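Working notes, structure below.
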Amino acid sequence: MTVATEASYAELIYTGVETIFTPGMQAQQQADVHCGYLDGDGLSVELIRGTHFTVTLDSSAAVTIGRIAFPIASALSPLTIWVERITPAVQGTDFKNLNRFNPEVHQQIADAGAMRDAELRNRQNRTVTPFAVSETAVDFRSRRLKAADPIQPEDLVTKQYSDDHTGTAAQEAAEAARDIAVAAAETASADAQSAAGSANAAEGYAAILENPDYGFYVDAPTETRDYGTYAP
């Protein structure tokens, strides 16, 4: 055969009803074809050939994937299925032991080499590479990086891990509690001022109660007055 396409990787949509997938690639043997899906975080989960899917090759070595047991999917929540060919980088023919020229052997070796070239190129195209690199920085621009929880000292730490383990979230909670306490203190201060005003008013009222005015006329007369009283 000949290798008619550089395709060695494909992503296909699975809505729960598809039973076969044609990734548009060739393979020399079924074991070279791998299949899986992308989970909710966009991470690859590989399926097991013979348990979750089947592989068939037609006369031109074109690949067809058959469904055995795929994850649950629907038209409203489809899955992305990926298919990749990985050709082994081995060569088992010892040419010095051949008694005659066999073109099929040479064809197979040449095809395997072309397939591996395509696989490397496609894998490189799918690999996240920095936008710019200098001696002091690696810039990925808007691309998103994901990492598992760090184990070794040189492992990367995600923001989520940092928030959970370095007190960032606790600090935010403490700052929120501080703001609440400040607001409560301001309210208490206003209440205290109001209470002080009430206390001052109460003292004034108490002073009035201690010295009541009963309305008696207590002015001493300073002059003689004639009120018209008849004196016989």
Side-chain angles (χ1 to χ4, degrees), residues 1-95 98 101-133 138-148:
M1 76 175 195
T2 59
V3 181
T5 175
E6 289 191 8
S8 64
Y9 178 86
E11 293 184 356
L12 307 166
I13 299 300
Y14 171 57
T15 64
V17 298
E18 293 81 1
T19 57
I20 61 171
F21 300 88
T22 54
M25 67 182 67
Q26 297 170 283
Q28 290 189 330
Q29 53 186 357
Q30 295 177 354
D32 298 347
V33 181
H34 300 259
C35 181
Y37 67 96
L38 303 180
D39 66 11
D41 292 325
L43 300 178
S44 175
V45 179
E46 186 164 359
L47 300 174
I48 301 174
R49 183 173 55 88
T51 300
H52 302 111
F53 69 98
T54 61
V55 179
T56 56
L57 306 176
D58 64 13
S59 59
S60 62
V63 174
T64 298
I65 299 294
R67 184 190 73 185
I68 298 179
F70 277 9
I72 297 175
S74 68
L76 297 178
S77 181
L79 282 179
T80 298
I81 300 295
W82 59 262
V83 181
E84 183 177 17
R85 183 192 67 224
I86 303 176
T87 304
V90 296
Q91 201 290 102
T93 302
D94 186 356
F95 286 96
L98 292 177
F101 175 79
N102 186 343
E104 293 182 359
V105 173
H106 292 273
Q107 182 72 57
Q108 186 177 18
I109 294 173
D111 291 346
M115 289 180 175
R116 284 190 294 269
D117 290 342
E119 291 160 10
L120 290 172
R121 179 179 296 176
N122 289 331
R123 180 68 65 87
Q124 185 177 19
N125 290 338
R126 301 196 313 274
T127 300
V128 176
T129 56
F131 181 85
V133 178
V138 178
D139 185 4
F140 286 91
R141 291 297 171 93
S142 60
R143 289 184 171 182
R144 182 179 60 176
L145 295 178
K146 291 190 174 182

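Everything quoted here is computed from the prediction, not taken from an experiment.
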Inset, instruction - Search all heavy atoms of Asn122 against all heavy atoms of Tyr9 and return the closest pair with its distance. - result: ND2-N, 4.3 Å
Inset, instruction - Report the C-alpha separation of Val63 and Arg85 in whole Å, then their side-chain angles, then the decisive distance to 0.1 Å, and conclude whether the side-chain contact (heavy atoms from CB on, under 4.5 Å) test is met. - result: CA-CA 9 Å; Val63 174; Arg85 183 192 67 224; over 6 Å; no
Inset, instruction - For the residue pair Thr2 and Gln107, establish whether any side-chain heavy-atom pair is separated by less than 4.5 Å. - result: yes
Legend entry - Min side-chain heavy-atom separation Ile13-Thr80 under 4.5 Å: yes
Inset, instruction - Determine whether Arg126 and Glu11 make a side-chain contact, defined as any pair of heavy atoms from C-beta on separated by less than 4.5 Å. - result: no
Inset, instruction - Rounded to the nearest 0.5 Å, what's the gap from CD on Glu18 to CD1 on Ile65? Could you check? - result: 14.0 Å
Inset, instruction - Could you check if a side-chain atom of Glu119 sits within less than 4.5 angstrom of a side-chain atom of Met115, using non-hydrogen atoms only? - result: yes
Legend entry - side-chain hydrogen bond (donor to acceptor under 3.5 Å, both in side chains) involving Ser59 - partner list, sequence neighbours excluded: none
Inset, instruction - Write down the atom of Gly24, the atom of Thr5, and the distance for their closest heavy-atom approach. - result: O-CG2, 3.9 Å
Inset, instruction - Measure the shortest side-chain to side-chain distance between His34 and Trp82 over non-hydrogen atoms and say whether it is less than 4.5 angstrom. - result: yes
Inset, instruction - Would you check if the side chain of Arg116 reaches a backbone N or O of Pro88 as a donor-acceptor pair within less than 3.5 Å? - result: yes
Legend entry - Side chain Gln28, main chain Thr87, donor-acceptor under 3.5 Å: no
Inset, instruction - Taking all heavy atoms of Ala10 and all of Pro23, pick out the closest pair and write down the distance. - result: CB-O, 3.6 Å
Legend entry - Set of residues satisfying side-chain hydrogen bond (donor to acceptor under 3.5 Å, both in side chains) with respect to Gln91, sequence neighbours excluded: Thr93
Inset, instruction - Can you establish whether the number of heavy atoms outside Arg121 located under 6.0 Å from its atom CZ is more than 12? - result: no
Inset, instruction - Examine Phe70 together with Tyr14 and report whether their ring centres are nearer than 6.0 Å. - result: yes
Legend entry - Residue pairs involving residues 51-68 (criterion salt bridge (charged side-chain N to carboxylate O under 4.0 Å, His left out); sequence neighbours excluded): none
Inset, instruction - Verify, without hydrogens or angle tests, whether Gln30 (side chain) and Leu57 (backbone) share a donor-acceptor contact under 3.5 angstrom. - result: no
Legend entry - Reference residue Val33; test side chain to side chain contact (heavy atoms under 4.5 Å, CB included); the match among Thr54, Thr56, Ile86, Val55: Val55
Legend entry - Close side-chain approach of Ser44 and Leu38, heavy atoms under 4.5 Å: yes
Legend entry - Euclidean distance, Asn125 CG relative to Leu120 CG, rounded to 0.5 Å: 11.0 Å
Legend entry - Spatial distance of atom CD (Glu46) from atom SG (Cys35) [nearest 0.5 Å]: 8.5 Å
